[in-house]
Amino acid sequence: MLDMEVLRVIWWVLLGVLFMGFAVTDGFDLGAAVLLPLVASDDTEKRIVLNTIGPVWEGNQVWIILGAGAIFAAWPYVYAVAFSRAYLPILLLLLTMGISRPVSFKYRSKLPNLFWRRCWDWVVFVGGFLPAILLGVLVGNILQGLPYYFDETLRIFYSESVISLFNPFAIWCGITSLVMLVMHGGMYLAIKTESPIRDRALIWSQISAFMLILFFAGGGVWVATTLVGYQVVGGIDPYGYSNPLHKQVVSMVGAWMRNYSLYPITVSVPILGFIGAFGALLSARFGSGRFAFICSSMSIMGVIGTVGVSMFPFILPSSTNLTSSLLVWDASSSQLTLLLMLVAVIIFLPIVILYTAWVYRVLRGKVNRETIEKDMQHTAY
């Protein structure tokens, strides 16, 4: 049987993989939704954009469901703190990404009325724009630490208002998330559409890739020179029972950079984020949509991986009571629970991946004007 330390690290890695899977898959349809008013000039072109993402968005959101489920089962303390403290942003995510956006896909083209369709176009845009921003805002707050603490009976208490979630660093992370997903969405549209939509999408992808490089670098400088991070200084047992009150934590500026000096190999993760963005920028400039999409996917994995590597072993630090911070070593479920879940993942995750790959293979090819204009049975979006 795998020991507790190994199981905790495995599930920390799996959590990152699930969030990367969500960002790479559902990220491009969020980005495409943001680009809808920018790359489509008439109703037919808007329907082309919608039909590139309409058949796949539901499958893409499976990854975020798996991620939330993994947090609930593998990291119950993290689930309890994060989902209650960030209730308003998560509610907005559900209302936009999970409710209004799906409804807009289904209803937008049901009536030929111009006002009707324009209203739903804005719903599509907001359903991509707001989640892209909010996901980054949540990551920014996690890096800063949430204002919560546990009492001696492990009851959770919070301080500060929900408005404090929207602070300057969190907004910076939100913009970084937005340009990253717009870059990715534009690369996807470049694969799935023809000119002139393809040309416009490549232009916006180049702009977004350049902005991602600037914001990612600026965020790194902010983290290294100004942002208060956290460091464990004692009381940790990787094999022990989960209790976040049995450790000592200190806060200091630049603490999130410590892992890069302790484990130099980890520097490759943020480098991947920069190389992917540069590759996407250059590939888009020369019109290579497929390679650019691969590069943007690499950049997304590098950016998300950078957050995880910088914070390890922290998962959810506390800014008001440092001892209450949740770590990989003291916030997990029991050994048996982690092991049984790992067996389930080994069985079912490959099935999910194979099915997803099969769906994309079946739906391969471009969506063009002729396809939409000949849709007399209203099977397209």
Looking only at heavy atoms, which two atoms of [X] and [Y] are closest? And how far apart?
| X | Y | answer |
| --- | --- | --- |
| Y230 | A255 | N-CB, 3.4 Å |
| A280 | C295 | N-CB, 3.4 Å |
| R8 | D237 | NH1-O, 3.9 Å |
| I142 | I315 | CG2-O, 3.6 Å |
| E194 | N368 | OE1-CB, 3.5 Å |
| G128 | V34 | C-CG2, 3.5 Å |

Do side-chain atoms of [X] reach the backbone of [Y] as a donor and acceptor pair under 3.5 angstrom?
| X | Y | answer |
| --- | --- | --- |
| S332 | W75 | no |
| S100 | G127 | no |
| Y149 | S159 | no |
| Q61 | W57 | no |
| S205 | A201 | yes |
| W11 | L338 | yes |
| N141 | V137 | yes |
| Q335 | L2 | yes |
| S318 | N321 | yes |
| K366 | T193 | yes |

Quick one: [atom1] on [X] to [atom2] on [Y], what's the gap to the nearest 0.5 Å?
| X | Y | atom1 | atom2 | result |
| --- | --- | --- | --- | --- |
| S195 | I197 | OG | CD1 | 9.5 Å |
| M180 | S299 | CE | OG | 7.5 Å |
| L36 | R47 | CG | CZ | 12.5 Å |
| M187 | F28 | CE | CZ | 14.0 Å |
| D151 | F157 | CG | CZ | 4.5 Å |
| I191 | Y188 | CD1 | OH | 8.0 Å |

With the side chain counted from C-beta on, respond yes when [X] and [Y] share a heavy-atom pair under 4.5 Å apart, and no when they do not.
| X | Y | answer |
| --- | --- | --- |
| R85 | L165 | yes |
| H246 | Y241 | no |
| V139 | S177 | no |
| I236 | L327 | yes |
| Q144 | P317 | no |
| V367 | I372 | yes |

Counting neighbours of [atom1] on [X] that are heavy atoms of other residues, nucleotides or ligands and sit closer than 6.0 Å, is the number greater than 12?
| X | atom1 | value |
| --- | --- | --- |
| W122 | CH2 | no |
| F166 | CZ | yes |
| Y263 | OH | no |
| F210 | CZ | no |

Extract all donor-acceptor atom pairs below 3.5 Å that involve side chains of residues 339-363 and protein atoms in other chains or at least two apart in sequence.
unit_1 : atom_1 : unit_2 : atom_2 : d
T356   : OG1    : V352   : O      : 2.8
Y360   : OH     : N60    : OD1    : 2.5
Y360   : OH     : N60    : ND2    : 3.3

Got a sec, which residues hit side-chain hydrogen bond (donor to acceptor under 3.5 Å, both in side chains) with Y158, two or more places apart in sequence or on another chain?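 If we apply the side-chain hydrogen bond (donor to acceptor under 3.5 Å, both in side chains) test to Y158, skipping adjacent residues, the hits are S84.
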Full working for salt bridge (Lys or Arg N to Asp or Glu O under 4.0 Å) between E45 and R369: CA-CA 7 Å; E45 289 186 351; R369 182 176 289 269; 3.5 Å; yes
Is R118 salt-bridged to D43, going by a charged N under 4.0 Å from an acidic O?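 D43 and R118: not salt-bridged.
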Looking at R101 and D29, is there a salt bridge between them, counting it only when a charged N and a carboxylate O are closer than 4.0 Å?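 Salt bridge present between D29 and R101.
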Flag for T337-S334: side-chain donor and acceptor within less than 3.5 Å: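 Yes, side-chain donor-acceptor contact under 3.5 Å.
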Where does the angle between the aromatic ring planes of [X] and [Y] fall among parallel (under 30°), tilted (30 to 60°) and perpendicular (over 60°)?
| X | Y | value |
| --- | --- | --- |
| F216 | F274 | tilted |
| Y148 | F150 | perpendicular |
| F83 | Y79 | parallel |

Out of L281, V182, I213, which one pairs with S208 under the side-chain contact (heavy atoms from CB on, under 4.5 Å) rule?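 Looking at L281, V182, I213, the match for S208 under the side-chain contact (heavy atoms from CB on, under 4.5 Å) is V182.
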Atom pairs and distances, side-chain donor-acceptor, residues 300-310, under 3.5 Å, sequence neighbours left out:
unit_1 : atom_1 : unit_2 : atom_2 : d
T306   : OG1    : G302   : O      : 2.6
S310   : OG     : Y260   : OH     : 2.6
S310   : OG     : T306   : O      : 2.7

Could you tell me which residues satisfy ring pair (Phe, Tyr, Trp, His ring centres under 6.0 Å) with W222, sequence neighbours excluded, listed by chain and number?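 Ring pair (Phe, Tyr, Trp, His ring centres under 6.0 Å) check on W222 returns F169, W172.
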Could you pull out all donor-acceptor pairs under 3.5 Å where a side-chain atom in residues 91-99 meets a protein atom, sequence neighbours excluded?
unit_1 : atom_1 : unit_2 : atom_2 : d
T96    : OG1    : L92    : O      : 2.7
T96    : OG1    : L93    : O      : 3.4

Per-pair distances, 0.1 Å, donor-acceptor, side chain in residues 12-20, under 3.5 Å, sequence neighbours excluded:
none

